Each structure stands twice: as C-alpha cells, then as structure tokens.
Amino acid sequence: MEYNFREIEKKWQKRWVADETYKVTERADREKFYVLNMFPYPSGAGLHVGHPLGYIASDIYARYKRLNGFNVLNPMGYDAYGLPAEQYAIQTGQHPAITTEANINRYREQLDKIGFSFDWSREVRTCEPGYYHWTQWAFQKMFGSFYSKGSAHPIEELVAYFEKNGTEGLEDVAQSEELTFTADKWKAMSDVEKQQVLMNYRIAYLGETMVNWCPELGTVLANDEVIDGVSARGGFPVVQKRMKQWCLRVSAYAQRLLDGLDTIQWTESLKETQRNWIGRSEGAEIEFKVKDSDKSFTIFTTRADTMFGVTFMVLAPESELVKELTTADQKAAVDEYLAYVKKRTERDRISDRKVTGVFSGSYAINPFTGEANPIWISEYVLAGYGTGAIMAVPAHDSRDYAFAKHFGLPIVPLVEGCDVSEESFDAKEGIVCNSPRADVKPYIDFSLNGLTIKEAIEATKKYVREHNLGRVKVNYRLRDAIFSRQRYWGEPFPVYYKDGMPQMIPEECLPLELPEVDKFLPTETGEPPLGNAKIWAWDTMTNKVVDCSAIDNITVFPLELNTMPGFAGSSAYYLRYMDPHNNGALVSEQADNYWQNVDLYVGGSEHATGHLIYSRFWNKFLFDLGVSCKEEPFQKLVNQGMIQGRSNFVYRIKDTNTFVSLGLKDKYDVTPLHVDVNIVSGDVLDTDAFRAWRPEYETAEFILEDGKYVCGWAVEKMSKSMFNVVNPDMIVEKFGADTLRLYEMFLGPVEQAKPWDTNGIDGSHRFLKKFWNLFWGKDAFAVTDEEPTPAELKSLHKLIKKVTEDIENFSYNTSIPAFMIATNELTSMKCTKRAILEPMVVLIAPFAPHIAEELWEALGHKTSVCDAQWPAFNEKYLVEDTVKMMVAFNGKTRFGIEFPAGADNATIEAVARAHEQTPKYVEGKQIVKVIIVPGRMINMVLK
RNA sequence: GCCCAGAUGGUGGAAUGGUAGACACGAGGGACUUAAAAUCCCUUGGCCAGAUCGGCUGUACGGGUUCGAGUCCCGUUCUGGGCACCA
C-alpha cells in the first residue's frame, strides 16, 4: 500500500476539528504545561517556509508533553494592529479591519495545512474590542498607580500621603521630577494643579519628550525616517520638538527587570542583550558649586576615584543649566552653538562624531581640590542620562580626552605609570596617584594615593556621603516607553480631556471602541487620524461616545486622538489565552492559578529589547495588582533562528540588455540583479523562462559559459523583493505536511539561522515512505503479534532514549537521523512486530502527526494517538554483547580488550589487571577505578 | 570601544573529555529497465600506497592541561549578534 500523504493529511485534519482533539480545559487531575509561540502579525504576503519553524518546534514539544500526561495549553492568535494595514488603507482607502481579516484568514488556511495542535477555541486578535478591552483596562490601572518601594500602589495612597505630609519624608518613589511642597500647599492647590502634580508619579503618564517632528507631514518621525535633518519622504525639514505624549514608567521597574533575569531560563545572549538595554550603572552624584555664585549643580559619575583629575565640566546643550550658567560675554557664542546643535539629529551625532563645544563663561569649584574648573557645553553629553552634566577627567575617559586635546585643556593622570600622551587610560585597574598631587597644597584632608582604583571608588563614595557632598546613585539607561502614536490602526486610549487634563472613562464603560474615520491620514491641522472621526467625544452624563459637535466642555469632552503602539496588545496576550472569553476580567483568578505562566515560549530574538521587555514590565505591574500570580511571564524561552532565503543573481552589462554568466562577469562593468529563484535550478538560469519573466527582459541577450548561464547567489533575508520566497503550501502540496515538519526540523538546530534549500527535502520524504513501508506490505497491513528479538528491542530502545533526550533539549535535528537509522535497521531485520512498531508510532507522533494517526488507527486503536502514552525506556536492552576496553600506549588510545556484557566493576578491574599488557602499556600509572558506561566503553581512572 | 555567541568535508550539520565527519543533500559509479521515472546497492575530508590489509594528516591559528582535546584553559585572527559619545 502506498503512502498517500494527501489523503491521510486531509482526513486527519478534518477529524481533529470534528473531535476537538486539541481543545483544553483546566483539569485539576493533570499537571499543566503552557507552550506559546509569539503570535504573528498577519501581513499581506502570507507565510513563507521560515515562519512555521518555531511553531513546528513548539508543536513537537507540546505534543510530546501531552503524550507524557501533561495538560498542554498551546494557543495561537494574531497581533492584528500594525502599520502595513494602515499604510495600505491610506493608499487604497480599504479599511484596515478588512485587509487584516483577509490576511488572518489566509494565515489560518496556511497554518491548518501544517497540522498544528493549537486550541483554536482560544484564539485572540488584538484588534477586537473584547481583547483590547483589557489592554485599555491595564492602561487605566497604570494611570491609577504610582511606583514606590519596589512595587505599584494605588495613586490614592499617594494623595492621602500628600494630604498629611506633602512631600516631606517621601522616599523611594518613582517620579519624573523631584517636587517639594507641604501638606498645606497641596490642600491649597486647585484640582488641575493636583492632577499636574500626580502626573509626575503615575505609571502611565502624560510627559514631555523630545521627538523628531515634521511640521509639513504633521507627524512624529522615527530617527531612521530622518536624513540630514529632512524627512526621508518629501524632504521636508524636521525639528527636535518637545511633545506631550503618553509614557509608561518602565524605568521604575528597571531593577526588577534586571533581577528577574536570574530566575528565568533564557539564553545568556538574550539576557545579556536585556542587561545592556537596561544599562545599570552604579556611581555617585556629586554637587559642584558655581564660582562667584550661590548656584550649584550635580553631576553623575561611575568614577568617583577621579575627582582629583577633573580639569573641566561639560553640560548637555539641552540642559536647563545652560541658560543659568552662560555669562553675558559668552552668550552670543553659546547661542550660535545651540542653534548648530538643534539642527543636528540623533543620526548626525552618531554618524559624524566630531568634537564640538563652547565655553559657558562660568566655573565650578571642585569640592576635592578647590580648583575652579571651566564649564563647557558640548553635544557629547546627553541631556537624558544622569543629570545632563558631567565632570570631565580627560586622563581616564577617551571622550573627555578628545575634547581636552581639541580645546587645549589640561590633562592630569591619576594612575601610577600610565601614559596619557597619546590616548586616555580608561581601564579600571592600577594604583592611584596624584590624588592629591604632591606639588599642590591639599584642599581637604583626604587622599586616595596608593589605593587600587576599586578601593578609591569606595573610599570616595564614603567621603562624599559622610561630608554631604552628594549621594551614591544607581542610574539606568532604560527609558520610559513612549506610548502614543499618531496613527489610526491601534487601540484607542480610554481617555477624554477636561480642562486640558486627561480623565479616564469609567472602567465599566470599557472597551472604548475605535471610531470610524473617512480618511486614515492626519488631519489638516496636524492632528492624528482620529481627528477625522466625527463621533469621538465623551458625554459624561450618559457615559457614551457622542458626536464631536456636541463638545461643550461642561458635560461633553473631546476624546484622546492618539492610539497605542504595537507592543500594547502583545504585552499581556499570554494571560488572555488562559481565559479568552471572560468578559468580567482579563483573566479569572482560577484560570491564572492553574496555568500560571508560560513554560516554553518560542519566538525570534528581534524582540529582545521590545516586546520581551515591555511584556515583562507589563506583567510585573499586573503581578503587583494581584492579577497575575507569577512575576515573570515566560519561564523558558527559545529563540528560533531565522530561515534565510538563497537568492540568485544575474549580471547585466551596464546600459545594455545583455546578461553575462557568473564566471565571465569580471570582464565587464555589470550590475547584479535579483532573479526569481523559481526559474533557476542548481544555479543555472532557465533563459527562456527569464525572458518570459518580465516584459523588460523579453529581448535579453546572454553571454554563456559552457553553454549555460550560471547565476551568482547569496544568502539573504527571505523576502518578496529578493525573489527568494519559498511558500509552505507548495511544499505541503508536493511532499505533505509531515515531510515539511520533519525537514524543517532536520535543517539544523532550531535556534540557528540557516538558509532554506528545498533540494534536501527528498531525504525526509523518502524516510516517511520507508517508515510507512515498515507497517504495510504490498497491499495488506503487515503488523504481527510475534515476540520481538533482542536486536529489534535494542533498535527501539536506542530510539526511545535518543528521541526523549533530544526533545527535552530541543535538538530535533538529531532525532530525525535516529528515526532513519532505526527504520533502516528494522527494515533490514524485516521486523513487523507490534511490540516494536506500536511504540515507534507514538515516538514519531509529535514530529509527523498525520502519518502517526493513520498508522495508529491501522493498529486498531479507536482513540487519537495524541492520547497514547510515551514509551518507557529500558536500559537493559542496550547493553552491548561485549564491551571494549581502552588502553593508553605511548600517548595514543587503543582499543583492545573485550569484556562480557554486564560484568561488574570488580570483575572488569580484575580482568584488566590480569591482562598482562594493560599495566605495562600505561607507563608508570596504576588503575584506580574502572567505570563501565553501558553501550559505550570502559573508562579507567589512573594514578 | 564594551559585552555575548560562534568557526568541523562540496553543502546543511553529528559527536556526556574517549574510533571526528552520524544523518541528509550534492557528486561519482553500479543494478533493474527498450527507455525514463521510481527503487535499491557501492564510493565520497585531504594526501600517500595500492591485489588486499593499510599508512600519514586533519575540527580557524599559536600555545597549554590530560593517558587521551572539535570539546577544558590562555593568547591571536575572522564571522554573526547586542549596546554605544550612557560619564
């Protein structure tokens, strides 16, 4: 009987739907296991062979866990809000909801063909009101919370504190700016003033941030959309502008985000990426007084040990201190410099790192030396980090060094024996000297000379603390997340504005649904697309959305026009899968307590500093609220590597329509052009197909080598524009879903990036045919009930051991060969015994579920193979008939002596000693211990 | 510049410190066939030897530890990734 994969796969995919094979519910009698894939954004291009890689890997694990008796949650859904759908809408007027729906349907169709064990009854879509209800709800909770002493608290607690104490004694509170006021002053504030104060503490807050603003386009641009100070699209001028935006106080959670990394099983590199992103640095804030003035300012440094090497100070151009400290004679120069800096974008600063700066005219007194150091202004100091002001130690910081050299400022080395004539000495090792300098009368009674740098840092911090010169401070690079987007296709904020202050619409009125607009572009007055919505005002009397014309600022108010960014909807979706149809809560306590958190999360590493940070932050907040019972959402994370495309190139001679073969292209001036990989076979171009491919190539001429046109190739991202996309539907149609699944796993380690090469797929397909033929004779089912032989049992148990270990370690690429070897062995032994073949079906079920179901049914089972039991491994079948003993001779390993299987250590040792050759081969060494490794060899421990 | 990961045949890739290159692709040869497809068998790191057995060499490079190193340690080169005027 032939292996008819098309029929088999269709049959079982239908059966799974009819029987609800993959539907799960909370079951107290079974241990849970939660497998999750990063849900996809359904793009218009559909899936290519790279997309399902992670889904297949996690599906194998999910099925394996189920066969081991776990109650497995393996859901799937769609990250449905996003820019491509909106841009398509702007170009065509097609509503994003319609294109998104169409794309989702296409994705679903493609996914269904691959045979995943998803519980589709739990599907979520971030753009549906029933889902974003809880995105909005979480936002409101963040608005209603502040962060203090390591967790989120209701803002009412802070209000109560202010009523009683003002800011007096308020400690360890995350805030945008340090405020001080008394309880009386608080009580005297108007409602709006109080709201403004509270905004300083809320976890979701309206804050002023610097953005690239393009007035002509009426929108904020990302840094990569700005080139040379003008917009990439249209070439309109772009300015740095402070804008009011919704922000999330992610920075408050920096330490917890860092600490949490130690409790989860992610790859070291991913954790490292997040650590870099959070960027914790421990240092000190030290106060400098301004000479001849009562002003002072604070700098942040991680090198407190270098206080005696400060020769100048630098302020960030955007720092508010610049205005205060610029003297009258320097004003013109400073203004000119500020104008220059304002023109430069982030991008310019990065690409063009020249040393620039201007003297402010003021001096700061170094509290350790008493010296007056000139205060400069330079763009190399960033306003957003630390205090926006630094003390410059040119001898031990390369940036300060470059600045000092450029402007001829003094350089004082502080480490014994270091040479700073050519470059600064940045290393944090060595013995401190010149602190203070021997030739200068000490200003204070304090010396660091003779200490190591580490000791000096600690000693200085201690001194600073004791003498009230500043404080020990931890800084993080992690910034608060900007949460507003001037876009249509995103979650609307459940917010209306009264007296210019944001108000939350009542919780029971959620979700606030996205309104219809007639245009998806920004309005003419530069407002976000929601400004085009006619019915977009909030009536506080009826608690309903009403027509904008009704706005009277008494009972009807304008609603927020921005929408939320992409990461909003993807931050808590894993919780929603636990209880997707709950209208009363994001997730019920009972469902959350059962499913807890994700045991295995699979997705791309490109989300390392986006989704994976935001989601952890979001979940920690929900944990503080008591909504989520686990602080970390994703216990174990596996990054699947990208599957790249293998692109082909043809070489066109410049200004002609003549194409030259790869080997001859160096003789001409050529332009390489991508060519569709589907008309290239083994890097040889089908020239007729090429002429037919596109009209402009109809008249193409070719310069061949050996009668062939050979194409160049490169491994690149798989994408439409590179003409290297391989579609999974085509593979499924030609070879079947089981072959595709097997082959994707066989390509290489899941975590590794690798190019797709369809050629190798034959091997996987052939294997499945051989596997099928184990069970089927020419036309009848061939399985018998005979007793298996030891050799057959050995083949089986070798396989059980290998496959079990591989799945646990996520190295599927090595278990496929194990299947092939076992199948070949059993084929050559003509094994058709049920006791061997039945467990084989269970073993292969996670990898190739369709063929496994078909064979399972043929074996006489009425239930799905999904409910079978994973076969138990028994080591006794693996013991070799004889074991070889290894001896060392002249530094080379030989294999010589054979022992009977099952001999114990004492016997082995006795035989080894009795074997005259052994001791003399091991020069001057004695056998201390002999270790038997079953199925392998004997290790001797020698003395 | 700092941090992380990696480097094995023509290719994808295997190897708890224990016979390097499993398995697959590709390539070459053969069987079956009128032929093709399909299927099956043999060879396939390099060099040498050649009736055969075999020998030498080999996991980016240079050292080290070990009876024994692709694997562990030190240094170098290169590749990929992250962060980056972050003080």
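Values in this document were obtained by computation on a predicted structure and should not be read as measured data. Lettering of chains follows the sequences in order, A, B, ..., and the numbering in each one begins at 1. All values below come from the heavy atoms of this structure, side chains included, with hydrogens, waters and symmetry mates left out.
The shortest side-chain heavy-atom distance between A:M307 and A:T460 falls under the 4.5 Å cut-off. Two residues are said to be in side-chain contact when any heavy atoms from C-beta on lie closer than 4.5 Å; A:I278 and A:Q255 fail this criterion.
Pairing of B:A14, defined by two Watson-Crick or G-U wobble distances under 3.5 Å, is not identified with any nucleotide. For B:U39, the paired nucleotide is B:A31, the pair qualifying as Watson-Crick or G-U wobble because both relevant distances are below 3.5 Å. B:G1 is paired with B:C83 under the Watson-Crick or G-U wobble criterion, all donor-acceptor distances under 3.5 Å. For B:G68, there is no paired nucleotide, since no Watson-Crick or G-U wobble pair has both relevant distances below 3.5 Å. Of all nucleotides present, none satisfies the Watson-Crick or G-U wobble test against B:G9 with each distance under 3.5 Å. Pair assignment for B:U44: B:G26, on the basis of Watson-Crick or G-U wobble contacts that are both within less than 3.5 Å. Shown here, B:A20 forms no base pair; nothing in the strands shown gives a Watson-Crick or G-U wobble contact with both key distances under 3.5 Å. When both distances must be under 3.5 Å, the Watson-Crick or G-U wobble mate of B:G58 does not exist.
Rounding to whole angstrom units, CH2 of residue A:W277 and C1' of B:C2 are separated by 16 Å. Rounded to whole angstrom, the span from the CG atom of A:L414 across to the P atom of B:A87 amounts to 18 Å. Atom P of nucleotide B:A38 and atom CG of A:N4 are separated by 18 Å, given to the nearest angstrom. Between A:K802 atom NZ and B:U16 atom C1' the separation is 11 Å, expressed in whole Å. Summarising the geometry, the separation between CG on A:L478 and P on B:C83 is reported as 13 Å, rounded to the nearest angstrom. Atom-to-atom, CD of A:Q644 to P of B:G80 comes out at 12 Å; the value is rounded to the nearest Å. Spacing between atom CG of A:N809 and atom C1' of B:A14 amounts to 14 Å, rounded to whole angstrom units. Across the protein-nucleic acid pair, A:D762 atom CG and B:A37 atom P stand 13 Å apart, rounded to whole Å.
Using modelled atom types and a 3.5 Å distance limit, the side chains of A:N809 and A:S811 yield no donor-acceptor pair. Remark: the A:Y337 side chain and the A:S360 side chain contain no N/O donor-acceptor pair separated by less than 3.5 Å.
With both ends at atom C1', the span from B:A69 to B:A87 equals 44 Å, rounded to whole Å. With both ends at atom C1', the span from B:G17 to B:U59 equals 15 Å, rounded to whole Å. Distance noted for atom P between B:G28 and B:A37: 14 Å (whole Å). Comparing B:G55 with B:A5, their C1' atoms sit 39 Å apart, to the nearest whole Å. With both ends at atom C1', the span from B:A20 to B:G70 equals 7 Å, rounded to whole Å. The separation of B:G46 from B:C3, taken at their C1' atoms, amounts to 39 Å, rounded to a whole angstrom. Here, B:G26 and B:G10 have their C1' atoms 7 Å apart, quoted to the whole Å. Rounded to the nearest Å, the gap between the C1' atom of B:A60 and that of B:U77 is 8 Å.
Here the side chain of A:N759 is nearest to one of B:C25, B:A87, B:C85, namely B:C25. Comparing atom distances between the A:N276 side chain and each of B:C40, B:A87, B:G82 picks out B:G82 as nearest. Nearest to the side-chain atoms of A:E272 among the listed nucleotides B:A87, B:C83, B:C3 stands B:C3.
Note on A:Y385: a side-chain N or O is less than 4.0 Å away from OP1 or OP2 of B:A87. Contact between the side-chain N/O atoms of A:R477 and the OP1/OP2 oxygens of B:C83 is not found at any separation under 4.0 Å. Contact annotation: A:K769 side-chain N/O to B:U39 OP1/OP2 distance is under 4.0 Å.
Proximity of the aromatic rings of A:F403 and A:Y401 is defined here by a centroid distance below 6.0 angstrom, and this criterion is not met. Here the two rings, on A:Y743 and A:W756, have centers that are under 6.0 Å apart. A ring-centre distance under 6.0 Å is found for A:F5 and A:H765. Between A:F847 and A:F819, the gap from one ring centroid to the other is short of 6.0 Å. Residues A:F567 and A:H611 keep their aromatic ring centres 6.0 Å or farther apart.
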Could you list the protein-to-nucleotides 9-13 of chain B atom pairs, N/O on both sides, closer than 3.5 Å?
{"unit_1": "B:G12", "atom_1": "O2'", "unit_2": "A:L747", "atom_2": "O", "d": "2.4"}
{"unit_1": "B:G13", "atom_1": "OP1", "unit_2": "A:Q752", "atom_2": "NE2", "d": "2.4"}
{"unit_1": "B:G13", "atom_1": "O3'", "unit_2": "A:N813", "atom_2": "ND2", "d": "3.3"}

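Of the two residues near RNA chain B, A:S269 and A:R766, the one whose nearest nucleotide lies more 5' is A:S269. Where A:L270 and A:M820 meet RNA chain B, the nucleotide closest to each residue was compared, and A:L270 sits on the side nearer the 5' end.
Seen from the ring of A:W266, A:R275 does not count as a face-on cation partner, given the 6.0 Å and 45° thresholds.
Annotated as syn: B:G9, whose glycosidic dihedral is within 90° of 0.
Nucleic acid contact class of A:R479 (heavy atoms, under 4.0 Å, all strands): base.
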